[in-house]
Amino acid sequence: MQKNTESFIDFKDFPKNYDYQTVEKKISQYWEDNKIYKFEPCDKIRKVYSVDTPPPYVSSSHLHVGHVMSYSQAEFIIRYKRMKGFNVFYPMGFDDNGLPTERYVEKKYKINKSKITREEFIDLCLKETKSGIEVYKSLWKSVGISADYGLSYSTIDERCRKTSQKSFLDLYNKGLIERRNEPILWCPQCRTSLAQADVVLEEFSGVLYDIEFKSMDGKGLIISTTRPELLGGCVAVYANPADERYGFLKGQNVNVPLYNKEVPVKYDESVDMNYGTGLMMVCTWGDAEDVKKWKEHKLDTAIVIDKAGRLNELSGKFNGLNVKEAKKAVVEDLNEKFLIKGEKPLIHNVGVHDRCATPVEFILAEQWFIKILDNKDKFIGAGNQMTWHPEFMKARYDEWINNLKWDWNISRQRFYGVPFPVWYCSECGEVITAAETELPVDPAANSPAVNKCPKCGGKEFKPETDVMDTWMTSSMTPLINSRWAYGDIESKELLNTIYPMGLRPQAQEIIRTWLFYTVVKSIYHTENIPFKNIMISGWGLDKNGKKMSKSLGNFVGPEDIISKYSADALRYWASKANLGQDLRFNEEDVVAGRKLLIKIWNAARFLITNISPEFDPYEKNISDLKLSRIDKWVLTEFENALKVCENNMESYEYSFALRTASDFFYNIYCDNYLEIIKNVFWDEGEENAERKKTVLNVMYFVSLNILKVFAPFMPFITEELYLSFYGNFEKGKSIHLSIWPEFKKELIFSDSVKIAGILLNILEASRKLRTNLNLHQNHRIGKILIQTLNPDYIGIINEISGDIMSAVRAERVVFSDKADFKTADGDIFISLEK
RNA sequence: GGGCGGAUAGCUCAGCCGGUUAGAGCACCGGCUUUACAAGCCGGGGGUCACAGGUUCGAACCCUGUUCCGCCUACCA
């Protein structure tokens, strides 16, 4: 293992400066060429740690340092697991089907969807997807994300389409998917139906109008509503059964203004007597409450809004107006007839489409639903079986499930997505599903395997033209990774090996979607949880504490930061936030990261440039060396720090782990240990040879092992030092495949910490004195005078006098009453003499 | 309306299963350059731990309430 003399010249010439620009590129290439992060499916020895990597949607170049933060935080743990000896399954996915991509392409090419064919549009989406993936891949590589890119998938590729379609068939066969004709959430802007998860509530300021209806005997009845434009869709008027004011209306109809039509009066306890006049109009459909009453009480249907969000012919003279225009026109009409009895401004919550912020409407359409309302308990139960980091994030999951109102509508009236593996008989409408063997299938381009309808014998079939919700695919990622859709032996073995997955890292805003839907699918398909651990990251915020996003323009691109400060430094910033906590982006923190890198580099250089050709770190066990008190102290402190780091990494508390490691590295190792021992290298005397050797071995041991602790956080510089120096004495082709330092109990020398404390107090006081005297810290002095009031200290000070002299750069240690400068230990005083 | 997270030095954040004078980095002030590192080293100043109560020998930490910021969630039309 010993290096030859020629290489030794290289060590002496070890670069003074760390050139991260060159090194990071070189190391990245090295990892790729040597397949350092390759998952080994045939490895039967190591345990598997599998990761369900978040697939970012690739169709817009929206990546900012916040994304780097969240990926890095998960990656700290993943790299740690790899060093703990796990066979890591860490794929990279790219989410590129569905609405986000479509919207991106529409915007980029200013597309009018009525003037482009489905095929042309899909081609454009595929093209953008492809180039997007390349941009992402290169960024992830430059950040040092240690995924096995050989395991990549894209949600529009064949495997994902096959898996999504198989999921559909499996659920259909299990009776968990139904086609139903019912009111659904609809985005008039995107012209597609939505699921509850695609709708977010937004505060709008609106007006509550008091509108006069008429009872059959002509009495005015005031009803408050924010949506007068839906008057034409009014199908009933409701009151609370306990409301004595309206008991007289029982069994009667009331007259709807402007439309001169009669609707029945109904009673329901959900009506708040104290809101408005206590009378409420129900339309088909203005909100979820309308849908509920319509279903429960079998109300008439009067649909006045079309799929474009415009009023239709049923609305009479308002036909063709959009909702906003119609509202204005209806109010004007009512005002002319003096039927508006009051207007109150109010702030109310309106459901909007999360991709385009357009208020959603309800329309009636035949759609495919995955039943989820019946199994809320199972999903909550699954949530309890998984370990959440941080734990408080679980509340969001539970809350979401408890508040679910609709089954999961998976039909989308869009182009770019995974098609349903379904045809309908033209005669009788019977559903014809694809055979599993033909997946993935495009029903628009292929015929069903059967040649006649099993129900009516019809021979014509119509393909389902809707595509599936993008989450229909994303929710399958653990099963996509596990090749669940494939029946061969290797796929089955992979499923057994990596599923349930070890880790799901993800962002907090997709708990209700990606996380929830994945649990649904896993429970339904495998009766198992999809993963054991969940890491939820916080957001990257801008300097002012606002969430970074492209639309807000407060966005810091990672490329600039990386080229300015290095990827390792950016990752250092990412480590600053505790998991789940938001983190402001501060360039100063990245600068601090770069400082740490430089310190690591220089500390290593001190060792590297001082070793001699005979150096052999493994000539003896470290505990068999003739260790001084100060050596024992640094080893003890290292082992203690190591233990803390390891415990914290085990509980996904990477932030505290790195802080502990850096504190040890700066305060214990660099500022004190190296400063205390360094002058052994200034003296060429033979009597120093043995001590030099010991010190070099201690330095090698500590610096290599702390480098390993740093490795998950700063993968580039640690690898560079490992390959260019430590690797000459170590086996293994990467620090990231090396084994995490094992805690060595035999290197804990408890009394050394106390004894070193005495030395450190003396050193600190000597530094203060030097500062007071304007004396250079390394300037050699003749004597250090020490006075101690504690007789127990005398023996100790005698024992460590060599280290004291070395530490304070003095020729001699002398006990003397003249020493009068108080140290932090009130029982010790010192003075310095030339 | 309910819930969660946050409020600690000028700035960004640790500490929070109670226990000596509350920490780090940056910024600020003073000093130090042949012997790993000036992108450095040594030293220093700086905080009534959001506010008000309470429990305790002792509270940044536990309890109650309040304010502000952020988020999740919610059928008051």
Side-chain angles (χ1 to χ4, degrees), chain A residues 14 16-18 200-201 206 208-209 223-227 230 237-238 268 270-283 286-293 346 348-349 390-400 402-403 405 508-509 511-512 538-539 541 543 545-547 565 569 572-573 576-578 580-589 591-610 655-656 659-660 662-663 666-667 670-671 674-675 678-679 681-683 699 703 763-764 766-779:
Chain A
F14 197 79
K16 188 166 161 40
N17 295 313
Y18 174 50
V200 291
L201 289 174
L208 186 64
Y209 297 95
I223 289 180
S224 299
T225 180
T226 53
R227 301 204 64 184
L230 292 180
V237 168
Y238 273 77
D268 193 280
S270 69
V271 179
D272 183 347
M273 289 189 266
N274 298 319
Y275 191 89
T277 55
L279 275 182
M280 172 183 180
M281 78 165 182
V282 170
C283 307
D287 60 22
E289 196 57 27
D290 287 354
V291 174
K292 197 176 155 214
K293 293 196 166 62
L346 88 169
H348 61 154
N349 291 318
E391 214 189 331
F392 67 75
M393 287 290 182
K394 181 172 167 293
R396 300 192 179 189
Y397 172 86
D398 291 342
E399 192 176 20
W400 176 252
N402 287 327
N403 285 310
K405 281 201 300 280
Q508 54 189 321
E509 69 268 27
I511 290 174
R512 49 145 75 181
W539 284 327
L541 306 178
K543 251 187 133 60
K546 286 261 173 283
K547 190 190 172 196
Y565 301 107
Y572 174 87
W573 164 75
K576 301 275 287 179
N578 285 337
Q581 226 62 25
D582 296 342
L583 181 64
R584 292 183 195 214
F585 182 76
N586 257 321
E587 208 154 317
E588 290 79 15
D589 288 331
V591 172
R594 185 177 62 175
K595 276 178 65 173
L596 177 57
L597 300 180
I598 293 166
K599 195 79 178 171
I600 291 172
W601 185 261
N602 282 312
R605 208 163 69 88
F606 179 61
L607 166 65
I608 292 167
T609 54
N610 274 305
S655 185
F656 193 64
R659 205 176 321 122
T660 303
S662 324
D663 284 353
Y666 270 108
N667 303 334
C670 290
D671 292 349
L674 292 187
E675 287 303 325
K678 76 198 296 186
N679 85 11
F681 294 101
W682 301 347
D683 189 343
M699 282 163 67
S703 65
L763 175 56
E764 188 196 14
S766 129
R767 282 170 173 166
K768 283 183 188 172
L769 274 179
R770 283 173 183 268
T771 298
N772 292 350
L773 300 168
N774 289 354
L775 203 59
H776 185 253
Q777 298 294 339
N778 282 337
H779 185 90

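Given the structure is predicted, the values throughout are model-derived calculations rather than measurements. Below, chains carry the letters A, B, ... as their sequence lines are ordered, and counting in each starts from 1.
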### Task
Take atom CG of Asn772(A) and atom C1' of rC42(B), then tell me their distance rounded to the nearest Å.
11 Å
### Query
How does each nucleotide of nucleotides 1-19 of chain B score, in 5' to 3' order, for protein heavy atoms under 4.0 Å: base (B), sugar-phosphate only (S), or none (-)?
-B-SSS-----SSSS----
### Query
Hey, does the side chain of Arg584(A) reach the backbone of Leu541(A) with a donor-acceptor pair shorter than 3.5 angstrom?
no
### Message
Taking rA7(B) as the reference, what is the distance to rG44(B) when you measure between their P atoms (whole Å, please)?
### Response
28 Å
### Query
Contact class for Trp400(A) (heavy atom, under 4.0 Å): base, sugar-phosphate, or nothing?
sugar-phosphate
### Task
Considering only atom P, compute the distance from rC42(B) to rC37(B) and round it to an integer number of Å.
14 Å
### Message
Side chain of Leu201(A) only, heavy atoms from C-beta on: which candidate in rA74(B), rC71(B), rC37(B) is closest?
### Response
rA74(B)
### Which residues share a side-chain hydrogen bond (donor to acceptor under 3.5 Å, both in side chains) with Glu675(A), sequence neighbours left out
Lys678(A), Arg809(A)
#### Entry: Residues which pass salt bridge (Lys or Arg N to Asp or Glu O under 4.0 Å) with Lys292(A), listed by chain and number, not counting sequence neighbours
none
### Message
Measuring from the side chain of Arg512(A) (C-beta onward, heavy atoms only), which nucleotide among rC42(B), rU73(B), rC37(B) has the closest atom?
### Response
rU73(B)
### Query
Among rA38(B), rG44(B), rG30(B), which is the nearest nucleotide to the side chain of Lys768(A)?
rG44(B)
### Message
Given the structure, check if the side chain of Glu764(A) and the base of rC42(B) hold any donor-acceptor pair shorter than 3.5 Å.
### Response
no
### Message
Given rA74(B), rA77(B), rA39(B), identify the nucleotide with an atom nearest to the side chain of Asn349(A).
### Response
rA74(B)
### Message
Tell me the interatomic distance from Leu763(A), atom CG, to rG43(B), atom C1', rounded to whole angstroms.
### Response
13 Å
